[in-house]
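Throughout, a chain's letter reflects where its sequence line sits, starting with A, and its residues are numbered from 1.
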Protein chains: 2
Amino acid sequence: MSTLAIISRAIYICGMTNDASGTAGPFDNLLCFAVYAAGHAFNRVYKPLLDRLGLTYPQYLVILALRHADGQTVGALGEHLFLESNTLTPLIKRLEAAGFVQRRRDAADERVVRVHLTDQGRAAGDAAACLPPELFDSIGLPAEEIAALQQRLVTLGDNLRRSAEERD
Amino acid sequence: MSTLAIISRAIYICGMTNDASGTAGPFDNLLCFAVYAAGHAFNRVYKPLLDRLGLTYPQYLVILALRHADGQTVGALGEHLFLESNTLTPLIKRLEAAGFVQRRRDAADERVVRVHLTDQGRAAGDAAACLPPELFDSIGLPAEEIAALQQRLVTLGDNLRRSAEERD
DNA sequence: CACGATTTAATCGTGTACGATTTATTTAGG
DNA sequence: CCTAAATAAATCGTACACGATTAAATCGTG
């Protein structure tokens, strides 16, 4: 590895840049923390909007996924959301208890549970799909930057997941 | 608002691009989901590394913050991590039970709890601070892009937090 | 056809997040 | 000084995440 690469690692990932001004925080150069904190910040903006619909953020994602393709299995939803049944099963049961979806065992394969939107769920999905414009101002970045940032994050997520899998 | 701006919102945030190929996912253009999923992916890469130290990811952040400045109050830690006492108090108690930190009431102001690293905590912090180089390959982006992405995310987080506060 | 391997959800335990409330302490105004 | 307001943590209830395990159904091969 080149010296430059080693230094780059130290500077951009380790958060080990010198703090001559004394104002630097402990995580100023940590990419993982920037992602972590941005996720929390997003949730804080989304929460009051989703509260009006009676949804949490992960529930909103499930509704959007079903709006895109209804009757998906728990496993298929998990592939889109990168979650597994241990998280999704109780989440979907709460959505069902609140009247947004219906869970049905697949007649052809009784192992599989398919999730269907109710009329109430479809209405919530329509309302949820209209939220993003309200968020545009909160994001506070030009549209081109939003698109570029989104793409980088998708690549980052793909890279990280591939790396995590390889360690098995 | 210009037509272009309206279209941009629809394309880049709403996830409403047409899916001619039939392969698009439901969240392909959602910035919030890209952030959310990248956070999970990061955690999956970090987890096996932090398991060896006996730390969770938020605990690792607290240890790093204390390594940067020991004896911080719960409130000060919360400002760095964007968390409050309802999350931090139990987390720090678990760190204390595991022997990484000590909690002490401030003598001058008994309301305040200051958190101090133990020798074990300092050793874990030293080991934790050496993790990032191992993650560089997992991230799979050139150093310049990591730095740029990190900066954009900090800006995004700042914008979102400001927007959330304004709604109070 | 039988039976072990595989697949799909569900369950369980631990640890975050976070809104709302509570308790203890300190500060300020009368 | 003495009490009302303010501040700092802690507590409580609900809802994710996720590793590990379990249970039920299906598949594959002899």
S.K.: Quick one: B:Leu77 CG to D:dA10 P, roughly how many Å, whole number?
M.R.: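 Atom-to-atom, B:Leu77 to D:dA10, this comes out as 11 Å.
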S.K.: Output all residues satisfying side-chain hydrogen bond (donor to acceptor under 3.5 Å, both in side chains) with A:Glu110, sequence neighbours left out; order by chain, then residue number.
M.R.: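 Result, side-chain hydrogen bond (donor to acceptor under 3.5 Å, both in side chains) vs A:Glu110: none returned.
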S.K.: My understanding is that only residues two or more places apart in sequence, or in another chain, count here; which of them pass side-chain hydrogen bond (donor to acceptor under 3.5 Å, both in side chains) with B:Arg94?
M.R.: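 If we apply the side-chain hydrogen bond (donor to acceptor under 3.5 Å, both in side chains) test to B:Arg94, skipping adjacent residues, there are no hits.
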S.K.: Any side-chain N or O of A:Lys47 less than 4.0 Å from the OP1 or OP2 oxygen of D:dC16?
M.R.: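 No, A:Lys47 has no side-chain N/O under 4.0 Å of OP1/OP2 on D:dC16.
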S.K.: When we call it a touch if two heavy atoms are under 4.0 Å apart, what does B:Thr87 touch: a base, just sugar-phosphate, or nothing?
M.R.: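 Base, at least one base heavy atom under 4.0 Å.
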S.K.: For A:Asn86 and D:dT21, give me the distance from atom CG to atom P, rounded to whole Å.
M.R.: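 That distance rounds to 13 Å.
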S.K.: According to side-chain contact (heavy atoms from CB on, under 4.5 Å), who are the partners of A:Gln120, at least two apart in sequence or on a separate chain?
M.R.: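 side-chain contact (heavy atoms from CB on, under 4.5 Å) check on A:Gln120 returns A:Phe100, A:Thr118.
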S.K.: Students often mix this up, so state it plainly: with edges at 30° and 60°, are the rings of A:His80 and B:Phe27 parallel, tilted or perpendicular?
M.R.: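 Correct class here is perpendicular.
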S.K.: Please give me every residue in residues 107-116 of chain A whose heavy atoms get under 4.0 Å of an atom in DNA chain C, ordered by residue number.
M.R.: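 A:Arg111, A:Val112, A:Val113, in order of number.
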S.K.: Whole Å only: how far is the CZ atom of A:Arg94 from the C1' atom of D:dG13?
M.R.: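 Computing the A:Arg94:CZ to D:dG13:C1' distance gives 13 Å.
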S.K.: Starting from the 5' end of DNA chain D, give me the residue, B:Asp51 or A:Pro90, whose nearest nucleotide shows up first.
M.R.: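 It is A:Pro90, whose closest nucleotide lies nearer the 5' terminus.
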S.K.: Take atom CG of A:Leu61 and atom C1' of D:dA17, then tell me their distance rounded to the nearest Å.
M.R.: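 Interatomic distance, CG of A:Leu61 to C1' of D:dA17: 14 Å.
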S.K.: With sequence neighbours left out, write down each residue that passes side-chain hydrogen bond (donor to acceptor under 3.5 Å, both in side chains) with B:Asn86, or none if nothing qualifies.
M.R.: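 None.
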S.K.: For A:Arg152, give me all partners under salt bridge (charged side-chain N to carboxylate O under 4.0 Å, His left out), at least two apart in sequence or on another chain.
M.R.: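 In terms of salt bridge (charged side-chain N to carboxylate O under 4.0 Å, His left out), with neighbours along the sequence ignored, A:Arg152 is linked to B:Glu145.
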S.K.: In whole angstroms, how far is the P atom of D:dA17 from the OH atom of A:Tyr57?
M.R.: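 Between P of D:dA17 and OH of A:Tyr57: 10 Å.
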S.K.: So does B:Asp126 pair up with B:Arg67, basic N to acidic O under 4.0 Å?
M.R.: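 Answer for the salt bridge query: yes.
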S.K.: Regarding D:dA10, can its base be found pairing with the side chain of B:Ser85 as donor and acceptor, where the two atoms are less than 3.5 Å apart?
M.R.: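 Flag set: donor-acceptor pair detected.
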S.K.: Quick one, which residues of residues 95-106 of chain A touch DNA chain C with a heavy atom under 4.0 Å?
M.R.: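 Listed by number, they are A:Arg103, A:Arg105.
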S.K.: Tell me every residue that passes salt bridge (charged side-chain N to carboxylate O under 4.0 Å, His left out) with A:Asp51, counting only those two or more places apart in sequence or in another chain.
M.R.: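 Only A:Lys47 meet the salt bridge (charged side-chain N to carboxylate O under 4.0 Å, His left out) criterion with A:Asp51.
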S.K.: Can you name the side-chain contact (heavy atoms from CB on, under 4.5 Å) partners of B:Arg122, sequence neighbours left out?
M.R.: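 By the side-chain contact (heavy atoms from CB on, under 4.5 Å) rule, B:Arg122 matches B:Asp70, B:Leu117.
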S.K.: 5'-most contact on DNA chain C: A:Gly75 or A:Arg44, nearest heavy atom basis?
M.R.: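 Its nucleotide being nearer the 5' end, the pick is A:Gly75.
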S.K.: With sequence neighbours left out, what residues match A:Glu79 under salt bridge (charged side-chain N to carboxylate O under 4.0 Å, His left out)?
M.R.: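 None.
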S.K.: Scan every strand shown for a Watson-Crick or G-U wobble partner of D:dG30, both distances under 3.5 Å, and answer none if you come up empty.
M.R.: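 Base partner found: C:dC1.
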S.K.: Nearest-Å distance, CD (B:Glu84) to C1' (D:dT7)?
M.R.: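 In whole Å, D:dT7 C1' and B:Glu84 CD are 13 Å from each other.
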S.K.: From the 5' end of DNA chain C to its 3' end, which nucleotides mark the outer limits of contact with chain B, defined by a 4.0 Å heavy-atom distance cut-off (strictly under)?
M.R.: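 Terminal contacting nucleotides, 5' to 3': C:dG15 to C:dT26.
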S.K.: Side-chain N or O of B:Thr89 versus OP1/OP2 of D:dT11: is the shortest distance under 4.0 Å?
M.R.: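 Looking at the OP1 and OP2 atoms of D:dT11, neither is under 4.0 Å from any side-chain N or O of B:Thr89.
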S.K.: Mind telling me whether A:Tyr36 and B:Tyr57 have parallel, tilted or perpendicular rings, with 30° and 60° as the class edges?
M.R.: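 Rings of B:Tyr57 and A:Tyr36: perpendicular, as their planes differ by over 60°.
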S.K.: Name the nucleic acid region contacted by A:Leu83, choosing base, sugar-phosphate or nothing; use a 4.0 angstrom heavy-atom cut-off, strictly under.
M.R.: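 Sugar-phosphate only.
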S.K.: Taking only residues at least two apart or on different chains, which pairs with a member in residues 54-64 of chain A satisfy salt bridge (charged side-chain N to carboxylate O under 4.0 Å, His left out)?
M.R.: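 As it turns out, there is no salt bridge (charged side-chain N to carboxylate O under 4.0 Å, His left out) pair with a partner in residues 54-64 of chain A once direct neighbours are skipped.
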